[in-house]
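Note on naming: letters A, B, ... go to the chains in the order of the sequence lines (proteins, then strands), and numbering restarts at 1 for each one. Bear in mind that the values here come from a model prediction, so they are computed numbers and not experimental data. All heavy atoms count here, side chains included; hydrogens, waters and symmetry mates do not.
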Amino acid sequence: MSAKPKLYYFDGRGKMESIRWLLAAAGVEFEEEFLETRDQYEKLLQGGSLLFQQVPMVEIDGMRMVQTRAILSYIAAKYNLYGKDLKERALIDMYVGGTDDLMGFILMFPFLSAEDKEKQRAFIVQKATSRYFPVYEKVLKDHGQDFLVGNNFSWADVHLLEAILMVEEKKADVLSGFPQLQAFKARISSIPAIKKFLEPGSQRKPVPDDKYVETVRRVLRMYYDVKAN
Amino acid sequence: MSGKPRLTYLNGRGRMESIRWLLAAAGVEFEEVYLETKEQYDKLIKDGFLLFQQVPLVEIDGMKMVQTRAIMSYIAGKYNLHGKDLKERALIDMYVEGISDLMQMILMFPFSPPDAKEKNLESIKERATNRYFPVFEKVLKQHGQDFLVGNKFSWADVQLIEAILAVEEKVPAVLSGFPQLQVFKTKMSNIPTIKKFLQPGSPRKPPPDAHYVETVLKVFKK
């Protein structure tokens with residue numbers, strides 16, 4: 001096993017993308033193994049690598065970690081992106097909880113029927129502009145600092161940028177009522193580690209397409225219909 | 001405001017129950033405000049109490065905390081139930097998140113349409129016996145200790161005993177293939193703070209009934 005963390009997932013965003021973002025933001029190089037066949041997945045299962053029979057799975061520091069939130073928390077703490085004390089951590093956890101809920105609406109998007117996609121797109125934009133973005137806009141306006149928590153770059157900032165870019169893919173001008181978030185987006189995007197991640201050739205994955213959906217369904221034998229919110 | 005944490009939620013389990021369990025297990029007394037009408041909920045939002053317009057809300061240490069996981073992480077951290085170092089915390093987080101996926105199925109169950117209830121019950125039974133309980137059975141068997149992580153009582157133990165009891169309410173014989181979990185259940189139930197929480201008159205809420213479902217739909221009606 002190399003010293004670099006190794007990520008096991010499909011060759012696409014899904015639940016692993018936030019982990020790729022956080023490792024990249026922390027300047028940590030990582031390897032990836034992409035699940036393409038049912039056989040690969042069953043081999044992982046039989047080998048006992050997947051604690052709850054699910055991916056994402058990340059091999060890191062001698063552990064085979066599963067559960068996205070647990071993995072992200074570990075990375076954040078290890079690379080000092082989790083605040084300086086319990087109260088800052090609480091704020092970061094709250095903010096990440098919000099962006100996680102928002103990105104959750106987008107996670108299922110590729111699996112929806114064409115008709116449901118339109119409904120869901122409207123739902124995502126409505127929630128982003130009425131529930132989530134106003135919160136972060138206000139946080140930034142109220143303290144006037146560059147970062148969300150404790151005047152220090154943290155997991156919350158990485159997660160928010162990721163969420164902003166994902167919602168923009170659904171509606172390009174979604175930040176038009178949010179000047180603080182526009183400035184935030186520009187600022188965080190220009191942090192060297194993040195700038196690098198946003199360039200072509202990085203490990204950032206593209207918007208999920210039909211091939212991705214097909215792969216997930218095939219590997220997980222997940223053939224049921226996914227409903228919109 | 002008293003020094004005690006104050007919980008705002010419906011008068012029922014839902015997403016707040018795990019928080020009640022954790023506070024109780026930590027020996028922390030708390031107050032509760034129950035949402036009964038849409039007007040109460042709308043007022044909370046209007047007055048700026050709910051960061052993302054949602055409950056659970058826990059007012060604790062000068063913060064208005066929302067987001068169940070954030071709240072529980074804070075309580076666990078504050079009361080030394082989150083392991084002694086980063087690696088123990090990682091294990092606890094993995095176990096808690098897994099159990100939370102199982103609890104999510106139970107959470108949603110009362111809201112499933114009548115024709116889906118039998119299928120959903122079967123799913124809960126299947127996941128508990130094939131995916132989640134075997135993991136913790138094995139963990140306990142392998143290290144032979146009383147607690148899941150680091151030979152010390154933690155958030156993971158509280159979450160697991162809560163889940164065991166919740167599944168048993170739906171599938172009474174569910175622990176029959178799990179001798180370690182049976183012992184674990186007895187041991188955890190006898191911890192004084194948990195024993196107290198399991199007695200009548202505690203803040204523990206009963207299984208959700210039709211009235212609870214009705215109240216949820218009424219309060220959160222769009």
>> What residues of residues 92-105 of chain A make heavy-atom contacts with chain B at a cutoff under 4.5 angstrom?
In response: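 Near chain B, by residue number: A:Asp93, A:Met94, A:Tyr95, A:Gly97, A:Gly98, A:Asp101.
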> Taking non-hydrogen atoms and a cut-off under 4.5 angstrom, which of residues 118-155 of chain A neighbour chain B?
Replying inline: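 The stretch touches chain B at A:Ser130, A:Arg131, A:Tyr132, A:Val135, A:Tyr136.
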Output the distance between atom [atom1] ([X]) and atom [atom2] ([Y]), rounded to the nearest 0.5 Å.
X: B:Lys87; Y: A:Met65; atom1: NZ; atom2: CE; answer: 10.0 Å
X: B:Glu97; Y: A:Leu51; atom1: CD; atom2: CG; answer: 12.0 Å
X: A:Leu91; Y: B:Gln67; atom1: CG; atom2: CD; answer: 12.5 Å

Contacting region of [X] [heavy-atom separation from chain A under 4.5 Å]:
X: B:Val66; answer: both
X: B:Lys78; answer: both
X: B:Asp61; answer: both

For the [atom1] atom on [X], are there more than 12 heavy atoms of other groups (residues, nucleotides or ligands in this structure) within a distance under 6.0 Å?
X: A:Lys43; atom1: NZ; answer: no
X: A:Tyr223; atom1: OH; answer: yes
X: B:Lys205; atom1: NZ; answer: yes
X: A:Glu29; atom1: CD; answer: no
X: B:Lys38; atom1: NZ; answer: yes
X: B:Lys185; atom1: NZ; answer: no
X: A:Lys185; atom1: NZ; answer: no

Exercise: identify the closest heavy-atom pair between [X] and [Y]:
X: B:Asp101; Y: A:Gln67; answer: OD2-NE2, 3.2 Å
X: A:Ala90; Y: B:Ala70; answer: O-CB, 4.3 Å
X: B:Arg89; Y: A:Ala77; answer: NH2-CB, 3.4 Å
X: B:Met94; Y: A:Arg64; answer: SD-O, 4.1 Å

>> Using modelled atom types and a 3.5 Å cut-off, is there a donor and acceptor pairing between side-chain atoms of A:Gln54 and backbone atoms of B:Gly98?
In response: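 A pair under 3.5 Å: no.
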